[in-house]
Amino acid sequence: MIDFNHVTKVFNEDIKAVNDISFHVPEGNIVVFLGPSGCGKTTTLRMVNRLESITEGTISVNGNHVNDLNPIELRRNIGYVIQHNGLFPNMTIEQNVMAVPDLLGWDRKKKKDRFHYLMDLVGLNPDEFRKRYPHELSGGQQQRIGIIRAMAADPPVMLMDEPFGALDPIIRSHIQNEFLQIQEEVQKTILFVSHDIDEAIKMGDKVAIFRDGSLMQYDAPDEILAHPTNDFVRKFVGKDRALKSLSLHSVQDLVNEQSLMQASETGKHRKTVFIDTNLKDALSILLNQEAEQLVIQSEEKTIGALTIHDIETYLHEKIM
Ligand SMILES: Nc1ncnc2c1ncn2[C@@H]1O[C@H](COP(=O)(O)OP(=O)(O)OP(=O)(O)O)[C@@H](O)[C@H]1O
Ligand SMILES: [Mg+2]
């Protein structure tokens with residue numbers, strides 16, 4: 001869907017912000033750009049919708065080189081969530097969200113319905129916020145408006161530059177989940193910038209790790225956690241990468257790999273979990289001593305029980 005082919009960006013003749021990167025983004029995937037400040041994430045994003053020119057190489061969307069496309073047309077088909085939200089300060093919230101539909105000449109009813117739908121999606125009351133200006137909203141609220149503004153005309157491609165950066169952890173996690181749920185339905189192709197390895201693992205079908213404008217590794221999250229290609233990536237994903245990768249596996253995976261003991265009345269302190277619980281959550285219940293044994297349930301049926309030992313074995317055999 002989106003192809004980067006030996007793309008380089010040089011600013012002012014000597015600042016190499018992006019250095020010969022090549023990778024393919026399949027349709028319907030979320031690819032997360034991850035890396036330290038100044039490593040070229042925003043610049044890479046902005047070359048896709050031609051807000052920055054490409055110094056060398058090509059970027060194509062759906063087989064068309066972006067340099068051959070009309071920039072205005074291109075930007076209408078690509079939603080862009082700007083880092084630090086970038087709302088138009090002199091426009092109301094409704095005008096901000098409906099900016100692209102306005103350009104596209106949508107009728108009043110269609111715009112109104114869409115505004116309501118999008119505001120509901122991010123948990124903001126449309127009537128309460130419609131007439132306010134961006135400075136009358138909190139940082140987190142502004143960021144949510146920035147996200148739905150980019151989604152307004154339902155573009156097939158979205159560029160999202162640290163879209164959840166200003167949200168507190170609870171709202172952030174909630175919006176991440178909502179966003180993944182919506183994505184299952186809408187299957188957009190998304191380039192998503194993040195500073196946060198946990199967010200990258202959660203959101204990304206693939207993760208691109210940048211350093212000083214170069215691409216260090218481009219892989220699925222569990223591949224990056226299991227096999228970092230070099231020391232930089234290893235340090236960046238952190239010492240607890242084995243634990244992190246537990247969040248990508250569920251109790252179901254473990255059941256498929258190991259035969260578990262029957263849930264028995266051994267007098268152990270037990271707790272029931274569903275089969276789709278991720279292994280990180282399962283482990284945390286066991287470690288916090290909320291239970292010594294987890295009883296696994298699938299569609300009303302108990303299918304076995306597991307202890308810390310089972311998760312340990314799985315970690316060593318499958319993940320490390
Ligand atoms: N318009 C510009 N003119 C000159 N240099 C620039 C320009 N924009 C970015 N740069 C430089 O290019 C490099 C990459 O910047 P970029 O904004 O892409 O980084 P980033 O990975 O998005 O960082 P952050 O995580 O802080 O947002 C930096 O060294 C930056 O100073
Ligand atoms: Mg940036």
Side-chain angles (χ1 to χ4, degrees), residues 2-23 25 30-59 61 66-67 71 74-75 78-87 134 139-140 142-147 149-150 157-169 172 175-176 179 189-204 206-219 221 224 228-238:
I2 306 178
D3 282 287
F4 291 78
N5 186 19
H6 296 288
V7 175
T8 292
K9 173 69 185 181
V10 180
F11 285 112
N12 307 333
E13 292 180 7
D14 63 346
I15 303 169
K16 208 173 234 184
V18 176
N19 186 7
D20 192 17
I21 60 169
S22 300
F23 58 100
V25 180
I30 300 181
V31 167
V32 179
F33 294 176
L34 185 67
S37 187
C39 67
K41 306 179 295 293
T42 297
T43 306
T44 303
L45 218 55
R46 287 165 61 88
M47 287 189 285
V48 177
N49 62 2
R50 295 189 59 181
L51 288 169
E52 298 289 357
S53 62
I54 302 167
T55 309
E56 271 176 63
T58 56
I59 298 175
V61 177
V66 294
N67 280 354
L74 183 70
R75 283 171 214 152
I78 300 182
Y80 180 33
V81 183
I82 301 164
Q83 193 171 8
H84 312 304
N85 87 55
L87 299 177
Q142 290 179 28
Q143 204 159 35
R144 281 182 267 174
I145 298 298
I147 296 165
R149 183 179 63 175
V157 176
M158 304 253 296
L159 311 176
M160 307 183 76
D161 201 343
E162 309 212 21
F164 308 144
L167 304 177
D168 68 57
R172 184 176 185 155
I175 289 207
Q176 287 169 341
F179 196 80
T189 307
I190 299 172
L191 302 181
F192 185 112
V193 174
S194 179
H195 265 103
D196 174 7
I197 173 75
D198 292 313
E199 180 170 80
I201 291 169
K202 179 170 175 181
M203 303 298 292
K206 291 211 162 109
V207 178
I209 300 195
F210 285 77
R211 178 194 196 181
D212 295 339
S214 299
L215 190 58
M216 295 284 103
Q217 187 164 1
Y218 181 60
D219 261 321
I224 288 193
T229 48
N230 58 33
D231 277 346
F232 176 81
V233 176
R234 198 170 297 116
K235 283 213 183 88
F236 202 82
V237 299

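Note that these values count all heavy atoms, side chains included, but never hydrogens, waters or copies made by symmetry. FYI, the numbering just counts along the sequence from 1. Keep in mind that this is a model prediction, so the values were computed, not measured. For ligands, and for the atoms within them, numbers begin at 1 and follow the listed sequence.
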Under 4.0 Å, heavy-atom basis, I'd like to know which part of Asp161 is in contact with ligand 1: side chain, backbone, both or neither.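 Contact part for Asp161 vs ligand 1: neither.
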Is there a protein heavy atom at a distance of less than 4.0 Å from atom 21 (O) of ligand 1?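 Yes.
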Quick check on atom 13 (C) of ligand 1 - does any protein heavy atom sit closer than 4.0 Å to it? yes
Which atoms form the tightest heavy-atom contact between Phe192 and Met203, and what is the distance?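 Closest heavy-atom pair between Phe192 and Met203: CE1-CE, 4.1 Å.
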Would you say [X]'s side chain and [Y]'s backbone share a donor-acceptor pair under 3.5 angstrom?
{"X": "Arg50", "Y": "Val66", "value": "yes"}
{"X": "Ser194", "Y": "Leu34", "value": "no"}
{"X": "Lys41", "Y": "Gly35", "value": "yes"}
{"X": "Gln83", "Y": "Glu162", "value": "no"}

Please list the nearest protein heavy atom to [atom] with its residue and the distance rounded to 0.1 Å.
{"atom": "atom 9 (C) of ligand 1", "result": "Phe11 CE1, 3.4 Å"}
{"atom": "atom 15 (O) of ligand 1", "result": "Thr43 OG1, 3.7 Å"}
{"atom": "atom 25 (O) of ligand 1", "result": "Lys41 NZ, 2.8 Å"}

Identify whether the distance between the nearest side-chain nitrogen and carboxylate oxygen of Arg172 and Asp196 falls below 4.0 Å. yes
Measuring from atom 28 (C) of ligand 1, which candidate in Ser37, Gly35, Gly38, Ala17 has the nearest non-hydrogen atom? Gly38
Report yes or no: does Thr43 have an N/O/S atom closer than 2.8 Å to the Mg ion (ligand 2)? no
Does any N, O or S atom of Ser37, backbone or side chain, fall under 2.8 Å from the Mg ion (ligand 2)?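 It does not: Ser37 brings no N, O or S atom closer than 2.8 Å to the Mg ion (ligand 2).
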Measuring only between side-chain heavy atoms, which start at C-beta, is Asn19 closer than 4.5 Å to Asp212?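 Answer no - side chains too far apart.
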Checking the N or O distance criterion of under 3.5 Å, is ligand 1 in contact with Gln83? yes
When only distance counts, is Thr42 in polar contact with ligand 1, meaning an N/O pair under 3.5 Å? yes
Is there a side-chain contact (heavy atoms from CB on, under 4.5 Å) between Thr44 and Val7 once you walk through the steps? CA-CA 9 Å; Thr44 303; Val7 175; over 6 Å; no
Contact between ligand 1 and His195 is defined here as a heavy atom of the residue under 4.0 Å from a ligand atom; is it met?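 For ligand 1, residue contact (heavy atoms, under 4.0 Å) with His195 is present.
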Within a distance under 4.0 Å of any heavy atom of Gly40, pick out the atoms of ligand 1 and give their elements.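 Result: 14 (C), 18 (O), 19 (O), 20 (P), 21 (O).
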Going by the angle between their ring planes, with limits at 30° and 60°, are Phe23 and Phe210 parallel, tilted or perpendicular? perpendicular
